[in-house]
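Inspection log for the structure reproduced underneath, given as structure tokens.
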Amino acid sequence: PSDRVSSSHIMLRTIATAIILLISTAFSQAPRSVPASLDFSSYRPVGEIRGWTFVAKDSALGQLISTVERETEIDGIDGYEISQILQLDYTKIGMERRMRIRSSHSVSQTGHYLGDKMVIDFNEETEELELEKDGNKLEGFFTRGASKFDQKIVCPENTFAADILFLDM
């Protein structure tokens with residue numbers, strides 16, 4: 001049990017650190033306002049592709065390509081699947097770290113969180129995270145090395161997708 005918590009915290013801390021760097025970089029260069037919309041499809045229609053480039057110390061560290069792939073349904077809730085490929089190479093700023101995340105995020109028409117499927121390559125290691133809404137919880141797993149850890153996390157109805165997971169929503 002203590003290894004499970006430790007592994008979970010290490011993985012989440014690593015992902016959170018990378019995402020914080022991305023968000024701070026993206027927001028420093030992104031437009032400061034977005035027109036209001038009442039549903040996801042008004043803001044990001046199916047087929048739309050967005051690209052972001054992340055820069056630090058005058059070097060392009062990587063990019064995020066995000067595509068609204070299709071309409072979907074999870075736990076009886078209509079929504080959208082957004083595929084993303086995030087690639088970061090910190091060696092350009094003197095850190096021995098490379099990351100690639102291939103993911104599929106699911107969000108309802110009103111922006112509520114429905115789930116994630118991620119494959120995370122961090123230097124030479126590959127981890128996976130998969131969560132899907134089921135009633136008032138998220139069910140799935142994450143991997144750490146050769147181990148797989150099942151997860152059940154409370155997720156109240158109408159929980160919005162966190163900005164940290166949806167950099168371009």
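Along the sequence shown, the residues carry numbers beginning at 1.
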(message) Which heavy atom of Gly51 sits nearest to which heavy atom of Ile65, and what is that distance?
(response) CA-CD1, 4.0 Å
Separation of [Y] [atom2] from [X] [atom1] (nearest 0.5 Å):
{"X": "Ile77", "Y": "Ser108", "atom1": "CD1", "atom2": "OG", "value": "6.5 Å"}
{"X": "Glu69", "Y": "Glu81", "atom1": "CD", "atom2": "CD", "value": "6.5 Å"}
{"X": "Leu86", "Y": "Ser103", "atom1": "CG", "atom2": "OG", "value": "8.0 Å"}
{"X": "Lys117", "Y": "Leu131", "atom1": "NZ", "atom2": "CG", "value": "11.0 Å"}
{"X": "Ser106", "Y": "Tyr113", "atom1": "OG", "atom2": "OH", "value": "8.5 Å"}

(request) State yes or no: do Phe142 and Leu114 share one hydrophobic cluster built from I, L, V, M, F, W and Y residues joined by side-chain heavy-atom distances below 4.5 Å, directly or via other members? (result) no
(request) Check whether Val107 and Ile74 end up in the same hydrophobic cluster, where Ile, Leu, Val, Met, Phe, Trp and Tyr are linked by side-chain heavy atoms less than 4.5 Å apart. (result)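 Different clusters.
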(request) Using the salt bridge (charged side-chain N to carboxylate O under 4.0 Å, His left out) rule, take Arg98 and Asp121 through it: C-alpha gap first, then chi angles, then the decisive distance, then the call. (result) CA-CA 8 Å; Arg98 288 186 175 93; Asp121 298 316; over 6 Å; no
(request) Assess whether atom CG of Asn123 is packed by more than 12 heavy atoms of other residues, nucleotides or ligands within 6.0 Å. (result) yes
(message) Tell me which pairs pass salt bridge (charged side-chain N to carboxylate O under 4.0 Å, His left out) where either residue lies in residues 131-140, with sequence neighbours left out.
(response)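 As it turns out, the salt bridge (charged side-chain N to carboxylate O under 4.0 Å, His left out) pairs with a partner in residues 131-140, which skip direct neighbours, are Lys137-Glu139.
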(message) side-chain hydrogen bond (donor to acceptor under 3.5 Å, both in side chains) for Gln63 and Thr53? Distances and angles first, verdict last.
(response) CA-CA 4 Å; Gln63 65 178 357; Thr53 298; 4.8 Å; no
(request) Might you work through the side-chain hydrogen bond (donor to acceptor under 3.5 Å, both in side chains) test for Ser66 and Arg44, ending with a clear yes or no? (result) CA-CA 11 Å; Ser66 173; Arg44 295 222 41 209; 3.1 Å; yes
(message) I want to check a possible cation-pi pair here: Arg50 against Tyr43, using under 6.0 Å from ring centre and within 45° of the ring axis as the test.
(response) yes
